[in-house]
Amino acid sequence: MKFQVADRGNGPSWWLHGPDDELLAWAGRYFATLAFAAREAAVFKQAASVVDYEVYRQPDGGWGWRAVEPVGYCMASSAADFAHPGQARRATRSIRKHVSGAAGP
């Protein structure tokens with residue numbers, strides 16, 4: 001896994017890529033600066049193993065997940081829709097287990 005912090009035209013944000021460069025997660029929002037986006041990626045990297053993950057129904061009928069701090073702040077969101085809630089839950093377990101070793105912030 002590796003983090004990418006960049007401005008892809010909509011504003012600075014961060015993205016988490018898997019071993020085959022597939023997009024696994026992103027911040028779910030844009031930040032004022034690249035430095036702020038990098039800081040938030042580092043915070044998620046450190047907290048990913050202990051935050052709560054919510055699996056929810058997407059408006060298009062698919063399923064997604066989001067990592068949420070106890071105060072309700074969404075730290076990260078799934079980058080893909082899943083056909084079944086179990087797939088989204090498996091993705092959260094993988095993120096929780098492996099993100100601390102990801103390259104990047």
All side-chain hydrogen bond (donor to acceptor under 3.5 Å, both in side chains) counterparts of Y56, not counting sequence neighbours: none

Tell me which pairs pass side chain to side chain donor-acceptor pair (under 3.5 Å) where either residue lies in residues 94-105, with sequence neighbours left out. none

Sequence neighbours excluded, the answer for ring-ring contact (aromatic ring centres under 6.0 Å, His included) partners of F36 is F31

Applying side chain to side chain donor-acceptor pair (under 3.5 Å) as the test, list every pair that has at least one member in residues 37-55; sequence neighbours left out. E40-Y73, E54-R66

Look at the aromatic rings of F3 and F44 and report parallel, tilted or perpendicular, splitting at 30° and 60°. perpendicular

State, to 0.1 Å, how close A37 and W14 come at their nearest heavy-atom pair, and which atoms those are. O-CD1, 3.5 Å

In terms of hydrophobic clustering (I, L, V, M, F, W, Y; side-chain heavy atoms under 4.5 Å; direct or indirect links), are V43 and V68 co-clustered? no

May I ask you to decide if S13's main-chain N or O and R8's side chain share a donor-acceptor pair within less than 3.5 Å? no

Considering non-hydrogen atoms only, spot the tightest contact between Y30 and G11 and give its length. CD2-O, 3.2 Å

Contact summary for G64 and S78, nearest pair of heavy atoms: CA-OG, 3.4 Å

Go through it in stages, so that I can follow the logic: the residues are V99 and L24, the test is side-chain contact (heavy atoms from CB on, under 4.5 Å), and I'd like the CA-CA distance, side-chain angles, deciding distance and then a yes or no. CA-CA 10 Å; V99 76; L24 303 176; over 6 Å; no

Show the nearest heavy-atom pair for residues L16 and A102, with the distance to one decimal. CD1-CB, 4.1 Å

For A42, the side-chain contact (heavy atoms from CB on, under 4.5 Å) test, sequence neighbours excluded, returns P105

dist M1:CE -> H17:NE2 (nearest 0.5 Å) comes out at 12.0 Å

Residues 10-21 vs salt bridge (Lys or Arg N to Asp or Glu O under 4.0 Å), sequence neighbours excluded, gives K2-D21

Could you name each residue pair satisfying salt bridge (Lys or Arg N to Asp or Glu O under 4.0 Å) that touches residues 70-90, not counting sequence neighbours? none

Taking side-chain contact (heavy atoms from CB on, under 4.5 Å) as the test, write out the residues that go with A91, two or more places apart. W65, F82

Taken in chain and number order and not counting sequence neighbours, the residues that satisfy side-chain contact (heavy atoms from CB on, under 4.5 Å) with A6 are Q4, W15

